[in-house]
Amino acid sequence: MKAKELKKKYLDFFKSKGHAIIPSAPLIPEHDPSVLFTTAGMHPLVPFLVGQVHPLGNKVASVQKCMRTGDIDEVGDSTHNTFFEMLGNWSFGDYFKEEAIAMSFEFLTRVLKIPLSHLAVTCFIGDEDAPRDETSATKWKQLGISTERIAFLDKEDNWWGPAGSTGPCGPDSEMFYWVGKDKPPKEFDTDDDRWVEIWNDVFMEYNKTQEGKYVPLSQKNVDTGLGVERVTAILQGKDEIYQTELFLPIIRDIERITKKKYEDNTKAMRIIADHMRASVFILGDERGAVPSNVDQGYILRRFIRRAIRHLKSLGVKDINTSIFAEKIIDMYKDEYPLLEEKRNFILDELHKEEERFTKTLEMGLRKFETMTAVSDTISGKDAFLLFQSYGFPIEMTRELAEEKGVSVAESAFAVEFEKHQELSRVGAEKKFKGGLSDASEETTRLHTATHLLNEALKTV
Ligand code: SER
């Protein structure tokens, strides 16, 4: 099944179950000062999870643009990526555990036709904050999942949220699919990585406070999430997301341009493909950012520069990332028409960053040479200067140092970097003051009124 069909089937299914289908919110969050990007489908819905009334009712479903940059250094292996789309369905104080689980089960077994023999689940084991989740386990058993296929795990595995440091969260129940070539074992071994997670049903009935306490919310909510890229790969029997139609056209372009094979240059090509997709979606977002040294702009800069560096390492002399951007826009423009509208802007910004990077790259390399002529260690301050003034991500300084046989004081760099991040964070907090999950009722009302007015103005 192709990703587009998966998304359509999902939304059709939840529509048939009385859910309103809502559009994706921007990738750059409107109201959360604690994060740079929308990290989950529930993120833009926090106000409705804490009691605000959603104008389209108390059951909604969506395909949400998401970005997770916590594992940015891991991108290049077979599982990590940054930008992805998340399917999700929500109940704002409407249905709860049993109905959510029944719908998940029906979608997996009837619509996606996953055999019962290939499914296993986990439930929350219970602790001082919330009880053991027998309700979910009993429901799974009623639906036909055997006791050996139900594992109980602690907060580390079976608790989700809050998305920031405070806000709605709760125990969850995760569904796993057997991808092994052999027959699935009777018993579910949570350490066997041939069981892969495909869906997460979160039962958001708690609010985590500033003090770290979990207090019951005024309503019991459901928040579920499936990653489109990941589930597409699983359903297609592919070992990695990069082998699906969502990445393969970009990988083929990289192979054509570099005249090199994916099999021999897997890591670099995965990084280029992932970072180009992420860059296109940041630039083409409703609240889009441009490359800079702070906040979302810095993440974008890092994506573009890292992609360029890897293209260079594959032997490309004349860098032109537009080729990949054009392909990505073509792939997604029907679902995200704004990408088409912003096509020229996206291509222009990529081009400007390519030029800037090539310039600072040469100056930075000269600076690097002067630094290493007098010392065989790059100090934390120097590594930070290379980052701050010449746009060298730390991994680039590390690689250059290795080639030259000198070392980098990385922990000292980390201290400098933390200071910089802290300053950026303070900046971001000022900018985004009025985060809704902690906002007063009046702010929330004014916010809603602004949305309604904007929508009316657009319509008129
Ligand atoms: N918020 C949960 C997750 O991201 C379910 O959507 O996994």
Side-chain angles (χ1 to χ4, degrees), residues 6-7 10-11 13-14 17 19 21-22 24-25 27 29 31-32 34-50 54 59-71 79-92 94-97 99-101 103-105 107-108 121-124 130 133 136 153-177 190 195-208 214 217 219-232 234 241 436-437:
L6 169 67
K7 288 185 256 183
Y10 186 86
L11 295 182
F13 178 79
F14 281 98
K17 302 282 182 193
H19 291 65
I21 308 305
I22 54 170
S24 174
L27 190 54
H31 326 295
D32 191 339
S34 62
V35 287
L36 295 176
F37 295 103
T38 299
T39 54
M42 58 75 74
H43 207 158
L45 299 172
V46 168
F48 312 107
L49 294 166
V50 297
H54 195 287
K59 290 187 278 193
V60 302
S62 75
V63 182
Q64 173 64 44
K65 302 185 276 187
C66 296
M67 180 93 77
R68 292 188 182 174
T69 53
D71 298 323
T79 53
H80 288 91
N81 74 315
T82 56
F83 170 79
F84 65 103
E85 290 183 294
M86 188 182 256
L87 297 169
N89 57 282
W90 289 271
S91 153
F92 306 126
D94 190 276
Y95 60 84
F96 201 45
K97 291 181 180 176
E99 300 90 321
I101 287 174
M103 285 190 282
S104 293
F105 185 80
F107 183 73
L108 291 177
V121 299
T122 57
C123 299
F124 182 55
D133 190 1
S136 295
L153 299 174
D154 64 15
K155 251 209 192 82
E156 187 141 330
D157 290 290
N158 279 97
W159 189 278
W160 204 92
S165 46
T166 59
C169 57
D172 64 29
S173 184
E174 300 185 358
M175 290 145 262
F176 291 77
Y177 176 57
T190 52
W195 287 107
V196 293
E197 188 214 321
I198 50 173
W199 199 349
N200 187 7
D201 284 3
V202 188
F203 309 116
M204 296 202 150
E205 50 175 326
Y206 297 96
N207 187 38
K208 188 175 181 190
Y214 296 90
L217 283 166
Q219 63 188 40
K220 289 183 193 298
N221 309 289
V222 172
D223 152 43
T224 91
L226 310 75
V228 170
E229 288 73 2
R230 188 187 164 104
V231 175
T232 301
I234 294 169
I241 53 174
L436 275 191
S437 69

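For ligands, and for the atoms within them, numbers begin at 1 and follow the listed sequence. For clarity, every value in this text was computed on a predicted model and none was experimentally measured.
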So, do Tyr214 and Trp159 have ring centers that fall under 6.0 Å from each other?
yes

Candidates Ile21, Val63, Asn89 - the one meeting side-chain contact (heavy atoms from CB on, under 4.5 Å) with Tyr10
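Filter result, single survivor: Asn89.
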
Mind checking whether Asp172 contacts ligand 1 via backbone (N, CA, C, O), side chain (CB onward), both or neither, at a 4.0 Å heavy-atom cut-off?
neither

Numbered atoms and elements of ligand 1 in range of Val202, under 4.0 angstrom, heavy atoms
2 (C), 5 (C)

Only heavy atoms of Gly225, strictly under 4.0 Å: list the atoms of ligand 1 that pass.
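So the answer, numbered in order with elements, is 5 (C), 6 (O).
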
Polar contacts were defined as any N/O atom of the residue lying under 3.5 Å from an N/O atom of the ligand; does this apply to Ala40 and ligand 1?
no

Closest by any non-hydrogen atom to atom 4 (O) of ligand 1: pick that one out of Gln64, His43, Met42, Arg68.
Arg68

Give the ring-plane orientation class for His19 versus Phe14, where under 30° counts as parallel, over 60° as perpendicular and anything between as tilted.
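Correct class here is perpendicular.
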
Any side-chain donor-acceptor pair under 3.5 Å between Tyr95 and Asn221?
no

Give a yes-or-no answer on whether the side chains of Thr190 and Trp195 include a donor-acceptor pair shorter than 3.5 Å.
no

If you scan protein heavy atoms around atom 1 (N) of ligand 1, the nearest is Asp223 OD2, 2.8 Å

